[in-house]
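Only one structure is covered here, and it is reproduced in the block below.
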Amino acid sequence: MNKPKLAFYTQGCRLNISETATLEQSFSNEGYCVVPFENGADIVIVNTCTVTENGDKDTRRLVNKINKINSSSKIALIGCQSQILKEKLFELKNVQWVIGNAEKMNLAQIISETNNDTPVINTKKLIKKPFTIKTSAIDKKHTRANLKIQDGCDFYCSFCVIPFARGPARSRMFEDIIREAIELTEAGHKEIVLTGVNIGTYEHNNHHFLDICKALVTLPKLSRLRISSIEPTTIPNELFDFMAIEPKMCRYLHIPIQSGSNTTLKAMSRKHSTKEFIDTVQYAYKTVEDICIGTDVIVGFPGETKANFDETVATLITQPVHYFHVFSYSERPLARSKKIEAIVDSQEIQRRSKVLRELSKKKKGDYLQQFIGKTVSVLFEQDKHGYWNGLTDNFLRVKLSSEKNLKNEFLAVKCNNVEDLSLTAISL
């Protein structure tokens, strides 16, 4: 009997991308045929996100789109949104599986054991214990590989639903991380991105986050190691010291601030003060040459006054932060901020968001200007609109016109202009 054709769709974060790559590989190993999302598969698997209200809306829109492409497709909704909103998701047309984070990596077995059109719901409680991942996340769609080292969070910021969706902080067994990293590089991935929910809290058998970095850079086929989003209070200065001397370490960090006002940070139940964030980015900036630092900012948190917002603007203007992801505050189920009644007007949230987005564009543009006339090493990823696109280790997007196939290739190029927050370059 022929197995059904599968398609995958990933919403949200880099961690979801990593998990989808693992699932695709595990289904392929079981003999399933994975087809492009638009091709009308028998089963469409959606790895969901519930960080914001928009993520919830996107899932409903996506289910409608799947039904229009192929009304006979069965749909599996897995991951964070499934863990939190399971009853609502089952109301959507053709949804047969709603699988939370505890069991989603066992999806191949769950689907194979499903009888006919029997609806399946599985949102087991997530348990705090070390874990392994049997199948490596070899990613056939992306040049860079995402390596999951950690899951869950114990911080419980008042605006955040992720501790409820992802469960308590737990770390992957150290040896299992090294094993997958070797397999990823053997499969041709030259850059690995370390990912998780709160990766700086990693701890297993006296191994900590920096120990992972030091172990992975010794792999002979690894050219770059990149760190994804990491909380400011979890970064030891020794990480920056190591980044400054180890050529395989990408000179890049994404450090969420969420607000530059201590009053708002306290209401958010964040673990850092404005001073602690500033001390972290200043040490990084002074220690690591040409480091690129990004951040996340939430606008319109309940009770955020104009004065609080102005403090955030002042912090971001004066500090070496080169771009920001700006999020409008979104009320989330189970998050404690729902109880705060001082709601910020939606039009004011839009105004403040625009201010920060324009500031982010200016700061990123100014940062890019520093590299005009300089030679940089780029790992090229894809041919897009007639230009090869790739990234430097410090997260500069570079475009190059070339008739050669540069996919997954390193090339030294000379930057000559800034266009649409990317650098254009010429071959040497």
Side-chain angles (χ1 to χ4, degrees), residues 51-54 155 157-160 228-235 240 252-286 288 290-332 335-337 340-371 394-397 418 420-422:
V51 168
T52 67
E53 184 181 5
N54 287 335
F155 280 14
C157 299
S158 65
F159 56 81
C160 189
S228 63
S229 183
I230 187 168
E231 286 292 315
T233 56
T234 67
I235 312 173
F240 303 125
Y252 164 76
L253 281 176
H254 189 91
I255 312 174
I257 187 174
Q258 307 302 7
S259 173
S261 162
N262 284 326
T263 301
T264 305
L265 288 173
K266 184 176 180 181
M268 289 177 167
S269 299
R270 295 288 286 163
K271 302 300 181 186
H272 67 272
S273 64
T274 302
K275 182 180 183 303
E276 287 171 317
F277 177 85
I278 290 172
D279 288 346
T280 297
V281 298
Q282 283 290 338
Y283 190 89
Y285 182 69
K286 292 173 182 177
V288 184
D290 289 336
I291 189 172
C292 177
I293 301 173
T295 195
D296 293 337
V297 190
I298 294 175
V299 177
F301 184 84
E304 181 190 61
T305 64
K306 182 181 181 301
N308 299 149
F309 176 71
D310 289 344
E311 288 180 274
T312 297
V313 174
T315 300
L316 294 173
I317 286 176
T318 57
Q319 296 308 309
V321 180
H322 303 110
Y323 72 89
F324 342 129
H325 292 157
V326 182
F327 300 91
S328 298
Y329 170 76
S330 182
E331 188 177 277
R332 297 284 71 211
R336 288 176 289 118
S337 60
I340 304 175
E341 296 180 356
I343 303 301
V344 180
D345 178 75
S346 60
Q347 289 187 337
E348 178 62 15
I349 291 178
Q350 290 179 14
R351 187 195 70 79
R352 294 177 188 178
S353 297
K354 183 179 179 181
V355 169
L356 288 184
R357 290 192 176 104
E358 289 178 351
L359 177 60
S360 177
K361 287 181 181 179
K362 183 181 185 309
K363 295 203 75 173
K364 185 65 178 290
D366 290 346
Y367 179 65
L368 292 172
Q369 287 285 341
Q370 301 173 31
F371 295 89
N394 55 338
F395 209 60
L396 308 176
R397 177 65 62 182
V418 176
D420 299 325
L421 297 184
S422 296

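Residue numbers run from 1 in the order of the sequence given.
Ring geometry for Y252 against F395 counts as parallel: the plane angle stays under 30°, on a 0 to 90° scale with 60° as the upper cut. Ring planes of Y367 and F371: perpendicular class, angle over 60° (limits at 30 and 60°).
Between the N308 side chain and the T264 main chain, no donor and acceptor come within less than 3.5 Å of each other. A donor-acceptor pair under 3.5 Å is absent between the side-chain atoms of T295 and the main chain of F324, judged by distance alone. S353 contributes a side-chain N or O that, together with a main-chain N or O of I349, makes up a donor-acceptor pair within less than 3.5 Å. The closest donor-acceptor contact from the side chain of D279 to the backbone of E276 lies at 3.5 Å or more, if one exists at all. Under a 3.5 Å cut-off, the side chain of S259 and the backbone N or O of L265 do not form any donor-acceptor pair. Side chain of S330 to backbone of T52: no donor-acceptor contact under 3.5 angstrom is found. S158 places a side-chain N or O within donor-acceptor distance of the main-chain N or O of A267, the cut-off being under 3.5 Å.
P320 places a side-chain heavy atom less than 4.5 Å from the side chain of Q282.
Screening T280, T274, V281 against F277 for a side-chain contact (heavy atoms from CB on, under 4.5 Å) leaves a single residue, V281. When each of T315, T312, I298 is tested with I257 by the rule side-chain contact (heavy atoms from CB on, under 4.5 Å), just one qualifies, namely T315.
Crowding of D345 atom CG: a count of heavy atoms from other residues, nucleotides or ligands under 6.0 Å exceeding 12. Within 6.0 Å of atom OH in Y283, more than 12 heavy atoms from other residues, nucleotides or ligands are found, so the atom counts as buried in its surroundings.
Under a cutoff of 6.0 Å and an axis angle of 45°, K271 and F155 form a cation-pi pair.
The minimum heavy-atom distance linking P232 with H272 is given by the pair CG-ND1, 3.5 Å.
Shown here are the side-chain hydrogen bond (donor to acceptor under 3.5 Å, both in side chains) partners of E348, two or more places apart in sequence or in another chain: R351, R352. Under the salt bridge (charged side-chain N to carboxylate O under 4.0 Å, His left out) criterion, K362 pairs with D366, sequence neighbours left out.
N262 and S273 are not linked by any side-chain donor-acceptor pair at a separation below 3.5 angstrom, with hydrogens and angles left out of the test.
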Full working for side chain to side chain contact (heavy atoms under 4.5 Å, CB included) between L368 and R397:
CA-CA 9 Å; L368 292 172; R397 177 65 62 182; over 6 Å; no

